[in-house]
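Right, one structure below, let's go through it.
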Amino acid sequence: MLLLSLFSCSTHRAPSSALKQPPDIRLNYHTVSRGDTLYSIAWRYGKDFRQLAALNGITSPYYIYPGQRLKLRGKAPVSTASGAREKANKTPSSKVAAKKTVSASSKKSLTRSTKRHSGQTRRTGSIHWRWPARGKVINQFRSGDSLRKGVDIAGEKGESVLAAADGTVIYAGSALRGYGKLLIVKHSDEYLSAYAHNHRLLVREGSKVKAGQRIAELGSSGTDRNKLHFEIRRNGQPVDPLAYLP
């Protein structure tokens, strides 16, 4: 009886490999939730937003709605794919949910001029990269590791998080699990950067930002300590930020 009981329990337990594997790897579809944008969904699954748009026949400005089922795999119609590429530089998508009213104090922080920090830059094509925070790198990028898609920079709550290069904010929110309060900035059709675990976001979607501009306050949202998690994506794929930063 004891042996049968043990065997019965073991047959209902998921293998350890299944527990460790991120669930999104096996998904073919994503159902849109409130707060999602096409950019945030593409970021979550490590895809280029233009490819995801073309795959689902979505054109700029990339509007999506709650309950919509998006394909994550397959081939896009040629006409749709070319149309998505042509419109990639236009207005970024709005969030599915209506934006909350910004408080008077928040509006003040969004519009006031911010102190620029001097620092070295490193050029990639037309993009001049600079460090997004001052602090020690406590975790580095590791190719193929879903938990090491960028670098972690230690700091104190409220310290400045700076735009790593000129660009446009295409996501500002906390809908991506594991990132806390997150900003994603588009620098070109090829490059995006992300700033996670912030205490407070100081810019909104659609905002134009300059390299070195204060865009958030460092914090611990979605994690267990104060730090900035910083990523660079090239055509939707994570790359080592240390290969781009000065």
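By convention here, the first residue in the shown sequence is residue 1.
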Only counting residues at least two apart or in another chain, list the ones meeting side chain to side chain contact (heavy atoms under 4.5 Å, CB included) with [X].
{"X": "Glu190", "answer": "Ser188, Arg234, Asn235"}
{"X": "Ala216", "answer": "Val161, Leu183, Asn198, Leu201"}
{"X": "Pro241", "answer": "Phe141, Val151, Phe230, Ile232, Leu245"}
{"X": "Ala194", "answer": "Trp43, Leu182, Ile184, Glu231"}

Review point. Do any N or O atoms from the side chain of Arg73 and from the backbone of Leu27 form a donor-acceptor pair under 3.5 angstrom?
Key: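 Yes; at least one donor-acceptor contact below 3.5 Å.
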Practice item. Would you check if the side chain of Trp131 reaches a backbone N or O of Pro246 as a donor-acceptor pair within less than 3.5 Å? Key: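 A pair under 3.5 Å: yes.
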For [X], what residues pass the salt bridge (charged side-chain N to carboxylate O under 4.0 Å, His left out) criterion, not counting sequence neighbours?
{"X": "Asp48", "answer": "Arg50"}
{"X": "Arg142", "answer": "Asp145"}
{"X": "Arg123", "answer": "none"}
{"X": "Glu159", "answer": "none"}

Practice item. Under the ring pair (Phe, Tyr, Trp, His ring centres under 6.0 Å) rule, collect the residues that match up with His187, sequence neighbours excluded. Key: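 Per chain and number, His187 pairs via ring pair (Phe, Tyr, Trp, His ring centres under 6.0 Å) with Trp129.
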Exercise for review: Output all residues satisfying ring pair (Phe, Tyr, Trp, His ring centres under 6.0 Å) with His30, sequence neighbours left out; order by chain, then residue number.
Suggested key: Tyr45
Review point. Listed by chain and number, what are the side-chain hydrogen bond (donor to acceptor under 3.5 Å, both in side chains) partners of Lys157, not counting sequence neighbours?
Key: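 Checked Lys157 against side-chain hydrogen bond (donor to acceptor under 3.5 Å, both in side chains); zero matches.
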Check your understanding: Is the gap between the ring centers of Tyr171 and Tyr39 under 6.0 Å?
Key ->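 No; Tyr39 has its ring centre 6.0 Å or more from that of Tyr171.
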Practice item. Scan side-chain atoms only and decide if Tyr195 and Ser193 contain a donor-acceptor pair under the 3.5 Å cut-off. Key: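 Yes, side-chain donor-acceptor contact under 3.5 Å.
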